[in-house]
Enquirer: 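One structure, as structure tokens, below. Some questions next.
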Amino acid sequence: MIRVNDLAHGRAGDKGNTSNISVIAFDGAGWKILREQLTVAVVQQAFAHFATGPVIRYELPRLQALNFVIHGALGGGVTRSLAQDAHGKSLSSLMMTIEIPGAQ
């Protein structure tokens with residue numbers, strides 16, 4: 001098993017109660033693994049302890065990146081959440097710790 005941060009870096013944004021997390025591969029080999037292994041189901045499981053909505057995955061092959069839109073992840077949104085990180089910027093760190101199988 002490897003972690004996402006072995007293959008990529010991440011960036012998070014927010015809009016209301018939705019977190020938007022991009023995972024950008026360092027190289028083509030990492031992109032291939034991420035594209036195959038970092039599925040919606042894997043991300044939903046990693047965020048299940050607080051995200052209440054669906055997860056949508058977008059592929060950006062020319063950038064060798066994945067973009068995950070995670071609904072219901074910010075405790076009601078920036079103006080309603082009691083979370084220390086109401087904007088969810090640290091959620092990209094959680095994404096980076098997900099373990100996935102390596103090359104097969």
Side-chain angles (χ1 to χ4, degrees):
M1 298 293 265
I2 57 175
R3 289 186 178 208
V4 171
N5 70 348
D6 294 324
L7 305 173
H9 62 95
R11 180 106 175 127
D14 66 277
K15 191 66 168 177
N17 195 25
T18 302
S19 181
N20 180 339
I21 304 174
S22 295
V23 177
I24 304 102
F26 295 133
D27 57 32
W31 165 241
K32 182 178 180 197
I33 295 168
L34 290 166
R35 195 168 173 215
E36 293 172 0
Q37 302 296 330
L38 192 59
T39 64
V40 166
V42 168
V43 172
Q44 280 178 323
Q45 184 176 356
F47 287 80
H49 62 287
F50 63 89
T52 60
V55 173
I56 302 167
R57 182 180 105 156
Y58 297 95
E59 291 186 16
L60 301 128
R62 288 186 163 204
L63 298 176
Q64 295 185 341
L66 298 171
N67 185 28
F68 292 90
V69 178
I70 306 169
H71 294 272
L74 299 175
V78 173
T79 59
R80 295 182 59 204
S81 177
L82 298 176
Q84 285 184 318
D85 177 16
H87 291 276
K89 299 298 184 190
S90 65
L91 296 183
S92 62
S93 296
L94 173 58
M95 181 75 77
M96 294 296 110
T97 65
I98 295 174
E99 292 185 342
I100 55 176
Q104 306 222 352

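The residues of the chain are indexed from 1 along the displayed sequence.
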Enquirer: With distance as the sole test, does Arg35 use its side chain to make a donor-acceptor pair with the main-chain N or O of Glu59 at under 3.5 Å?
Expert: no
Enquirer: Quick one: does any side-chain atom of Asn5 pair with a main-chain N or O of Thr97 as donor and acceptor, under 3.5 Å?
Expert: no
Enquirer: With rounding to the nearest 0.5 Å, note down the distance linking CD1 in Ile100 to CG in Leu38.
Expert: 5.5 Å
Enquirer: Check Ser19 against Leu91 and note the closest heavy-atom contact, atom names and distance.
Expert: OG-CD1, 3.6 Å
Enquirer: Group every Ile, Leu, Val, Met, Phe, Trp and Tyr by side-chain heavy-atom contacts under 4.5 Å, then state whether Leu94 and Ile24 land in the same group.
Expert: no
Enquirer: For Ala12 and Ile21, work out which heavy atoms get closest and say how close.
Expert: CB-CG1, 4.2 Å
Enquirer: Is there a chain of hydrophobic side chains (I, L, V, M, F, W, Y, each step under 4.5 Å between heavy atoms) that links Phe26 to Met96?
Expert: no
Enquirer: To the closest 0.5 Å, what do you measure between CZ (Phe68) and CD1 (Ile56)?
Expert: 11.5 Å
Enquirer: Linking I/L/V/M/F/W/Y whenever their side-chain heavy atoms sit closer than 4.5 Å, directly or via other members, would Ile33 and Val40 fall into one cluster?
Expert: yes
Enquirer: Check whether Trp31 and Val42 end up in the same hydrophobic cluster, where Ile, Leu, Val, Met, Phe, Trp and Tyr are linked by side-chain heavy atoms less than 4.5 Å apart.
Expert: yes
Enquirer: My understanding is that only one of Asn67, Leu66, Leu60 makes a side chain to side chain contact (heavy atoms under 4.5 Å, CB included) with Leu63; could you say which?
Expert: Leu60
Enquirer: On a heavy-atom basis, which atom in Leu34 and which in Ala25 lie closest, and how many Å separate them?
Expert: CD1-CB, 3.9 Å
Enquirer: Val23, Tyr58: one ILVMFWY side-chain cluster at the under-4.5 Å cut-off?
Expert: no
Enquirer: CD of Gln37 to NZ of Lys32: how many Å apart, nearest 0.5 Å?
Expert: 10.5 Å
Enquirer: Which heavy atom in Ala51 sits nearest to a heavy atom in Ile70, and how many Å separate them?
Expert: CB-CG2, 3.7 Å
Enquirer: Between Pro54 and Gln44, what is the shortest heavy-atom contact and its length?
Expert: CA-NE2, 4.3 Å
Enquirer: Enumerate the residue pairs fulfilling salt bridge (Lys or Arg N to Asp or Glu O under 4.0 Å) with a member in residues 37-52, sequence neighbours excluded, ordered by first and then second residue.
Expert: none
